[in-house]
Chemist: 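Here it is: the structure, laid out below.
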Amino acid sequence: MLGIVEVGPRDGLQNERALLDTDAKVELIRLALAAGARRIEAVSFVRPDAVPAMADAEAVMERVPRSPGVSFIGLVLNPRGYRRAVAAGIDEVNVVVPASDGFAKANQNSTTAALTAVAEEVVAEASTAGLFTTVTVATAFGCPFDGEVDPARVFAIAERAARAGAREIAVADTIGVGVPTQVRELLEGVRSAAPGVATRAHFHNTRNTGYANAVTAYEWGVGSLDSSFGGIGGCPFAPNATGNIATEDLVALLDRMGVDTGLDLGALLPIADLLSELLDYRVPALLPRAGAFGGARRT
């Protein structure tokens with residue numbers, strides 16, 4: 001089974017103009033769970049003035065439905081965020097390190113080197129506590145400020161994260177410029193830099209390459225793929241960074257390829273309608289417009 005990490009509650013909602021209340025966020029998470037989601041990036045523990053959509057992280061975590069086999073992920077940027085996540089009862093932490101200095105400056109007023117050191121500190125503390133930790137390498141495929149990113153920078157972050165105790169390394173196409181050749185190159189390099197560590201990939205569909213990249217990552221053998229219900233979201237610190245690949249569209253694609261994701265398309269489809277109502281625009285996912293087709297095609 002290919003793991004799908006539902007990031008809509010965090011990466012999806014953080015870049016939307018409409019600020020949803022806690023009730024709405026918890027309901028969206030409940031619907032994702034009912035559709036079969038088992039790893040959900042529910043919140044981020046960042047400064048509320050920087051990302052207002054995540055200001056109620058603790059309140060959301062207090063109310064999410066808990067059940068065996070379900071893991072809630074919180075994004076953190078530093079030890080302060082990590083401590084908040086632990087206090088809120090998070091199951092996993094995701095520490096983000098930009099591979100480009102331009103984005104590190106815009107996002108956290110720092111540098112890649114400094115933020116890698118911060119991630120090492122967080123990962124080491126989480127590892128000691130027995131908490132599953134992912135390090136996501138942002139702008140791995142390209143940066144809105146620095147342009148092309150040297151893959152060696154991605155691999156160096158992965159190597160240091162693995163040494164610190166990270167259980168998973170994710171490569172993220174923060175601005176949607178990646179192509180399949182990069183996917184293979186980066187995942188191969190991460191595997192060499194961090195042998196034995198699980199891999200994950202995060203794609204945006206800004207330039208209509210997100211699904212091609214997702215299929216390439218699957219065929220390469222990636223452990224998990226991120227997606228967002230309705231295809232909503234993006235990064236508030238990256239100019240013109242539109243939505244994530246849509247969970248519904250990704251699952252429909254994989255179903256037709258005969259790939260088991262554990263997610264139920266019929267249960268996923270109503271989430272997009274609710275999101276469109278809550279956000280006051282028609283969300284980007286295409287499957288809710290076209291409808292599901294037949295069933296999985298076995299090849």
Side-chain angles (χ1 to χ4, degrees), residues 1-13 27-42 65 67-73 134 168 170-173 176 178-180 183-184 187 198-234 242-276 282-299:
M1 180 185 293
L2 176 64
I4 302 294
V5 179
E6 176 56 63
V7 300
R10 198 280 302 175
D11 197 41
L13 294 178
E27 174 63 8
L28 289 168
I29 290 169
R30 187 193 67 77
L31 291 171
L33 290 171
R38 289 299 173 262
R39 289 182 78 192
I40 298 179
E41 195 163 274
S67 60
V70 171
S71 187
F72 290 107
I73 305 168
T134 300
E168 183 178 65
V171 291
D173 187 9
V179 293
V183 174
R184 287 187 287 268
L187 287 173
T199 53
R200 180 170 149 194
H202 178 101
F203 300 114
H204 288 207
N205 203 41
T206 310
R207 293 166 179 82
N208 208 33
T209 59
Y211 298 97
N213 291 336
V215 169
T216 300
Y218 160 70
E219 291 178 339
W220 177 86
V222 77
S224 299
L225 289 170
D226 289 0
S227 61
S228 171
F229 41 44
I232 62 170
T242 51
N244 299 276
I245 56 174
T247 303
E248 305 90 333
D249 296 355
L250 177 64
V251 171
L253 169 60
L254 293 170
D255 274 2
R256 291 281 290 162
M257 292 173 62
V259 180
D260 183 13
T261 62
L263 291 167
D264 179 353
L265 271 181
L268 281 172
L269 286 174
I271 301 177
D273 292 335
L274 176 59
L275 276 169
S276 295
R282 193 170 192 179
V283 295
L286 295 177
L287 191 75
R289 308 181 193 195
F293 176 74
R297 180 186 177 203
R298 301 299 171 186
T299 56

Chemist: So do V215 and M257 actually touch side chain to side chain, heavy atoms under 4.5 Å?
Modeler: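 With C-beta onward as the side chain, the pair touches.
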Chemist: Among residues at least two apart in sequence or on other chains, which ones pass side-chain contact (heavy atoms from CB on, under 4.5 Å) with L265?
Modeler: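 Scan of L265 (side-chain contact (heavy atoms from CB on, under 4.5 Å), adjacent residues dropped) gives V251, A252, D255, L268, L287.
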Chemist: So, applying side chain to side chain donor-acceptor pair (under 3.5 Å) with H202, which one of N213, N244, D173 is it?
Modeler: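 With H202 as partner, N213, N244, D173 yield a single side chain to side chain donor-acceptor pair (under 3.5 Å), made by N244.
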Chemist: Walk me through it: do D11 and H204 pass the test side chain to side chain contact (heavy atoms under 4.5 Å, CB included)?
Modeler: CA-CA 11 Å; D11 197 41; H204 288 207; 3.4 Å; yes
Chemist: Would you give the length of the straight line joining atom CD of E6 to atom CD1 of I40, rounded to the nearest 0.5 angstrom?
Modeler: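 E6 atom CD to I40 atom CD1 measures 6.5 Å (nearest 0.5 Å).
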Chemist: Report the residues that fulfil side-chain hydrogen bond (donor to acceptor under 3.5 Å, both in side chains) with S228, sequence neighbours left out, ordered by chain and then residue number.
Modeler: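 If we apply the side-chain hydrogen bond (donor to acceptor under 3.5 Å, both in side chains) test to S228, skipping adjacent residues, there are no hits.
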Chemist: For S276 and V283, indicate whether the former's side chain and the latter's backbone hold a donor-acceptor pair under 3.5 Å.
Modeler: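 Here the side-chain-to-backbone pair exists.
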Chemist: List the residues meeting side-chain contact (heavy atoms from CB on, under 4.5 Å) with A217, not counting sequence neighbours, and say none if there are none.
Modeler: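 Once residues adjacent in sequence are excluded, the partners of A217 under the side-chain contact (heavy atoms from CB on, under 4.5 Å) criterion are V183, L187, A201, F203, V222, L225.
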Chemist: Just so I know, are the side chains of T134 and V5 near enough to count as touching, which here means a heavy-atom distance under 4.5 Å?
Modeler: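 Side chain of T134 against side chain of V5, heavy atoms only: no contact under 4.5 Å found.
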Chemist: State, yes or no, whether a side-chain contact exists between I245 and P284 at a heavy-atom distance under 4.5 Å.
Modeler: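 No - every pair of side-chain heavy atoms lies 4.5 Å or more apart.
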Chemist: Quick check against the 3.5 Å criterion: does T209 have a side-chain atom that pairs as donor or acceptor with the backbone of G178?
Modeler: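 Side chain of T209 to backbone of G178: a pair is present.
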Chemist: Can you sort out the partners of P270 under side-chain contact (heavy atoms from CB on, under 4.5 Å), two or more places apart, ordered by chain and number?
Modeler: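 side-chain contact (heavy atoms from CB on, under 4.5 Å) list for P270, sorted by chain: empty.
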Chemist: Between atom CZ of R282 and atom CG of L275, what is the distance when rounded to the nearest 0.5 Å?
Modeler: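 Between atom CZ of R282 and atom CG of L275 there are 13.5 Å.
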Chemist: Determine whether a donor-acceptor pair (N or O, by modelled atom type, separation under 3.5 Å) exists between the side chain of Y211 and the backbone of A246.
Modeler: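 Confirmed, Y211 side chain pairs with A246 backbone.
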Chemist: I need the minimum non-hydrogen distance between R289 and A285, along with the two atoms involved.
Modeler: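 Shortest heavy-atom separation between R289 and A285 comes out as NE-O, 3.5 Å.
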Chemist: Can you confirm whether more than 12 heavy atoms, excluding those of Y218, are under 6.0 Å from its OH atom?
Modeler: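 No, the 6.0 Å shell around OH holds no more than 12 heavy atoms from other groups.
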Chemist: Enter the distance from L263:CG to S227:OG here, rounded to the nearest 0.5 Å.
Modeler: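 Output value for this atom pair is 7.5 Å.
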Chemist: Just how far is it from atom CD of E248 to atom CG of L286, taken to the nearest 0.5 Å?
Modeler: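 E248 CD to L286 CG: 10.0 Å, rounded to 0.5 Å.
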Chemist: Quick check for you: to the nearest 0.5 Å, what is the distance between I4 atom CD1 and S224 atom OG?
Modeler: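 So the gap between those two atoms works out to 7.5 Å.
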Chemist: Closest heavy-atom contact between D249 and P288?
Modeler: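 Closest heavy-atom pair between D249 and P288: OD1-CD, 4.3 Å.
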Chemist: How close do T216 and P180 get, heavy atom to heavy atom, and via which atoms?
Modeler: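 The answer is OG1-CB, 3.2 Å.
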Chemist: Between N205 and G210, what is the shortest heavy-atom contact and its length?
Modeler: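 Shortest heavy-atom separation between N205 and G210 comes out as OD1-N, 2.8 Å.
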Chemist: Give me each pair satisfying salt bridge (charged side-chain N to carboxylate O under 4.0 Å, His left out) with a member in residues 211-230, each pair once, sequence neighbours excluded.
Modeler: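 Found R200-D226.
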Chemist: Would you give me the side-chain donor-acceptor pairs under 3.5 Å for residues 27-39, sequence neighbours excluded?
Modeler:
{"unit_1": "E27", "atom_1": "OE1", "unit_2": "R30", "atom_2": "NE", "d": "2.9"}
{"unit_1": "E27", "atom_1": "OE2", "unit_2": "R30", "atom_2": "NH2", "d": "2.7"}
{"unit_1": "R38", "atom_1": "NH1", "unit_2": "L33", "atom_2": "O", "d": "3.3"}
{"unit_1": "R39", "atom_1": "NE", "unit_2": "E92", "atom_2": "OE2", "d": "3.2"}
{"unit_1": "R39", "atom_1": "NH1", "unit_2": "E168", "atom_2": "OE2", "d": "3.1"}
{"unit_1": "R39", "atom_1": "NH2", "unit_2": "E92", "atom_2": "OE1", "d": "2.7"}
{"unit_1": "R39", "atom_1": "NH2", "unit_2": "E168", "atom_2": "OE1", "d": "3.1"}

